[in-house]
Amino acid sequence: MISKSNPDHEISHLTQDICEVILTSQEIQSRVQELGTLLSRDYAGKDPVLVGVLKGVLVFMADLVRAISIPVSVDFMAVSSYGPTSGRQGVVRITKDLDESIMGRHVILVEDIVDTGLTLGYLVKNLQARNPASLSVCALFDKKVRRLVDVDIAYRGFELPDRFVVGYGLDYGERYRNLPFVGIMTPEAYER
Ligand code: 5GP
């Protein structure tokens with residue numbers, strides 16, 4: 001429980017599990033503002049729909065929509081891979097589909113992190129088949145060196161090294177999503 005005398009108590013407890021900060025909250029916030037400005041310019045008059053991929057995108061989406069100054073709508077999908085083997089072939093299962101049709105709409109697919117690109121590759125094909133007016137990808141973090149599938153990322157926040165990161169929506173066992181920065185976990189934290 002968060003104590004009244006120290007509301008940051010739980011966050012500082014989580015912070016102990018981080019041995020290296022890769023991107024500070026300020027760095028992320030300023031890049032998200034830039035992405036919002038770019039999208040506002042490129043999609044002016046187009047009434048785009050931002051499609052977020054749950055759950056990792058939740059923090060990025062919340063900040064991104066507030067950095068966009070034109071009318072937008074928001075929808076979400078959730079996916080899970082069928083397993084390690086099928087996952088490698090990019091077979092993912094949609095566990096939550098969009099609420100609204102995207103036919104004829106300008107769609108911006110919003111992702112937290114692109115690793116192999118298998119998830120994104122599958123989603124791009126899936127959404128393209130629904131005949132949107134246009135489809136582009138906005139991904140905050142990109143581990144380019146890990147890419148197996150070539151996917152076009154029109155709006156990219158940061159390129160990351162090939163290391164497992166948590167924070168700003170990214171989890172390990174559902175923890176750490178609420179850290180405002182992105183970092184690397186200590187070896188001990190994996191054992192908890
Ligand atoms: P891909 O299909 O591109 O290989 O995988 C993308 C998904 O893998 C992301 O949406 C995310 O859930 C997970 N992922 C990849 N790299 C990381 C990472 O460094 N940290 C965390 N927390 N998740 C990651």
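Counting starts at 1 for both ligands and their atoms, following the listed order. Below, each value reflects all heavy atoms present in this structure, side chains not excepted, and no hydrogens, waters or symmetry copies.
Judged by distance alone, with hydrogens and angles left aside, the side-chain atoms of Arg146 form no donor-acceptor pair with the main-chain N or O of Asp115 at under 3.5 Å. Under the 3.5 Å distance criterion, the side-chain polar atoms of Asp162 are left unmatched by any main-chain donor or acceptor of Lys143. The main-chain N or O of Glu188 is never found under 3.5 Å from a side-chain atom of Glu191 such that the two would form a donor-acceptor pair. Side chain of Arg31 to backbone of Arg156: a donor-acceptor contact under 3.5 angstrom is found.
Grouping the Ile, Leu, Val, Met, Phe, Trp and Tyr side chains by contacts below 4.5 angstrom, directly or via other members, places Val79 apart from Val110. A single hydrophobic cluster is seen to contain both Ile108 and Ile113, as judged by linkage of ILVMFWY side chains at heavy-atom distances under 4.5 Å, directly or through other members. Criterion: ILVMFWY side-chain heavy atoms under 4.5 Å apart, direct or through other members. Under it, Tyr176 and Met61 are not part of a common hydrophobic cluster.
Among all non-hydrogen protein atoms, the one lying nearest atom 23 (N) of ligand 1 is Phe164 CE1, 3.8 Å. For atom 1 (P) of ligand 1, the nearest protein heavy atom (residue, atom name, distance) is Thr116 OG1, 3.2 Å. Closest protein heavy atom to atom 14 (N) of ligand 1: Ile113 CG2, 3.9 Å. At the top of the distance list for atom 22 (N) of ligand 1, counting protein heavy atoms only, stands Asp171 O, 2.8 Å.
In this structure, atom 8 (O) of ligand 1 is not in close contact with the protein, since no protein heavy atom lies within 4.0 Å of it. Note that atom 12 (O) of ligand 1 has no protein non-hydrogen atoms nearby, at separations under 4.0 angstrom.
In summary, Arg177 and Asp112 do not engage in a salt bridge, as defined by a charged side-chain N under 4.0 Å from a carboxylate O.
Remark: ligand 1 and Val165 share an N or O pair separated by less than 3.5 Å (distance only, no angle test). No N or O atom of Leu170 sits closer than 3.5 Å to an N or O atom of ligand 1.
Counting atoms of ligand 1 from 1 in the listed order, those under 4.0 Å from a heavy atom of Arg163 are 19 (O). With ligand atoms numbered from 1 in the order given, ligand 1 contributes 1 (P), 3 (O), 4 (O) to contacts under 4.0 Å with heavy atoms of Gly117.
Nearest to atom 10 (O) of ligand 1 by heavy atom, out of Asp112, Thr119, Val92, is Asp112. With Met185, Lys143, Glu111, Arg175 as candidates, the residue nearest to atom 16 (N) of ligand 1 on a non-hydrogen basis is Lys143.
Residue contacts with ligand 1 do not include Tyr172, since none of its heavy atoms lies under 4.0 Å from the ligand.
Between Tyr168 and Phe181, the distance from one ring center to the other does not fall under 6.0 angstrom.
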